[in-house]
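So that the names make sense, note that chain A is the first sequence line, chain B the second, and so on, each numbered from 1.
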Protein chains: 2
Amino acid sequence: MGSRVQKPKGSYPAHRERQRRRILDAAEKLFDGRGIDGTTMAEITSASGVQPSTMYQYFSSKDEIVWAILGELMQEKRGIATEAMKDAPHSLARITVLLEMMADDLERNPEKVRFMAQFDAIYARDWPVERLLSLESQIHPEPFRFFSELIRDGIADGSLRPDLDPDLTMHAVMNAVIGAQRRLASLGSKVETEYGNPVDQLLRESIRVLLLGMQNSGTPAEAGTRISKTRKRSL
Amino acid sequence: MGSRVQKPKGSYPAHRERQRRRILDAAEKLFDGRGIDGTTMAEITSASGVQPSTMYQYFSSKDEIVWAILGELMQEKRGIATEAMKDAPHSLARITVLLEMMADDLERNPEKVRFMAQFDAIYARDWPVERLLSLESQIHPEPFRFFSELIRDGIADGSLRPDLDPDLTMHAVMNAVIGAQRRLASLGSKVETEYGNPVDQLLRESIRVLLLGMQNSGTPAEAGTRISKTRKRSL
DNA sequence: TCAAATTCGAAATAGTATTTCGAATTTGTA
DNA sequence: TACAAATTCGAAATACTATTTCGAATTTGA
């Protein structure tokens, strides 16, 4: 107990931040290459150049590392998404841009997408909802909630079919695109050899069909209304 | 070295089959409840009532068990699929039936779908392509290859838009539906609390939009009728 | 320069999958 | 029913995991 003031736990924030980065960067690279499950803590420590005992000072478990990386990824995506949509003139164009960005993402960063796929399949279910939601809320408010407004706009200006339930459609379409995207990333080159097309092209076709399905086509106003009645009753 | 004939390895096939079943049934139940990764070999042995040493006589690893269960699941699905499509009169109706069956499946056996999702995310990439393909071929020949023919038919009879590439579209649509289905199964009840709809309903909406996107809207009146006909029949 | 913060080393714990092997039991059949 | 081969049991051993512990050594910022 010296006469000096005792410094609180995180006293060297700059240094701690640097260390944290070293660990996360090493882990991310390993996850990309070997998958979350295929990566051991020993590999992360040796790749990042810190001892296990030190690493556990920063992350209390492997899961915490996964979580941290996921958070950063989602924040990135969100930035890119809101950025890209700025240029698009009207609602349908914005929706198109948003969805096609997911195909670009698959084309450019298949490992990252695969990481998210692994998260969904292995971790999402066991982790507390609140934590998931707090993460999702980093990406939601803009692109997602926004997306259902875009659908509303599209219906109003006649570019989208009038029988769409904006909220339901938004979730359904987003989920289909995200699901397709992540599945393609998981199966990777296996799909290419079997399907004979680059994975991102497959995803682009899915998106095209989905967009066509949302669009208002000629006079199907009648058909549309009819459908929506039937639908609502059956659901 | 008796004078009797030495019996080959699998000499009590009925007994072996019974044992195999005990193990697979126990494992399947555990996988459903705790996930593939959350299930330990120790749990499987104690649940199935055989010793580890015995179990490894039947399956050389946990992966082999996963693999065996996957194979049985796919065979089941295939049977159900071909069965259900028999009733459908024309191509568009068959496609509709096939896709909606995947929503039913999600509604009825979410654990099984989740199992497949985990397989995709964790195992698919690391296992040899040949093995994957030999499995897929159990489900492919009928529903899948068939599916692209259905699209061809649909284009010919005017019910589907003429600018579709049958093979590409088939893979794109199937992948979107499967991807959406498995993602929903992975996220489970989390989606419901957040989205406010039962998961299978979300999937049904994705399917509806995809089907609309494939349909021909060139001749409005016909398109309208065709749509509503299909709808009514499919419900 | 110095006290506190941080890291290192190295060993310990506990939980995995998988293997080994001789003794005990079960199986189908002669 | 008896028997030889097939199968199972038990129990311990191996080799990985993640995670913890703690005292000694080093680094940090004022």
What is the separation between atom [atom1] on [X] and atom [atom2] on [N], rounded to the nearest whole Å?
| X | N | atom1 | atom2 | result |
| --- | --- | --- | --- | --- |
| B:F59 | D:dT8 | CZ | P | 12 Å |
| B:R22 | C:dT26 | CZ | P | 12 Å |
| A:Q51 | D:dT26 | CD | P | 14 Å |
| A:Y12 | D:dA30 | OH | P | 9 Å |
| A:I44 | D:dA18 | CD1 | P | 8 Å |
| A:R18 | D:dG29 | CZ | P | 7 Å |
| A:R16 | D:dT28 | CZ | P | 13 Å |
| A:Q57 | C:dC8 | CD | P | 11 Å |

Legend entry - Short side-chain N/O contact from A:Y58 to OP1 or OP2 of C:dT6, under 4.0 Å: no

Legend entry - Side-chain N or O of B:Q19 closer than 4.0 Å to phosphate OP1/OP2 of D:dT8: yes

Residues two or more places apart in sequence or in another chain: which of them pass ring-ring contact (aromatic ring centres under 6.0 Å, His included) with [X]?
| X | answer |
| --- | --- |
| B:Y123 | B:W127 |
| A:F59 | none |
| A:Y58 | none |

Legend entry - By side chain to side chain contact (heavy atoms under 4.5 Å, CB included) - contacts of B:S48 (at least two apart): B:I23, B:A26, B:V50

Inset, instruction - Compare all side-chain heavy atoms of A:V97 with those of A:D87 and state whether any distance is below 4.5 angstrom. - result: no

Inset, instruction - For residues B:V199 and B:R183, determine if any side-chain heavy atom of one lies less than 4.5 Å from a side-chain heavy atom of the other. - result: no

Inset, instruction - For C:dT25, give its Watson-Crick or G-U wobble partner with both distances under 3.5 Å, or none. - result: D:dA6

Inset, instruction - State whether a side-chain donor-acceptor pair under 3.5 Å links B:T169 with A:E205. - result: yes

Inset, instruction - Give, ordered by number, those residues of residues 24-36 of chain B having at least one heavy-atom distance below 4.0 Å to an atom of DNA chain D; if nothing qualifies, reply none. - result: none

Inset, instruction - Determine, for nucleotides 11-23 of chain C in 5'-to-3' order, which nucleotides have protein heavy atoms under 4.0 Å from the base (write B), from only the sugar-phosphate (write S), or from neither (write -). - result: -----SSBBBB--

Legend entry - Heavy atoms of other groups near B:R108 CZ, more than 12 under 6.0 Å: no

Legend entry - A:K62 atom NZ: more than 12 heavy-atom contacts under 6.0 Å: yes

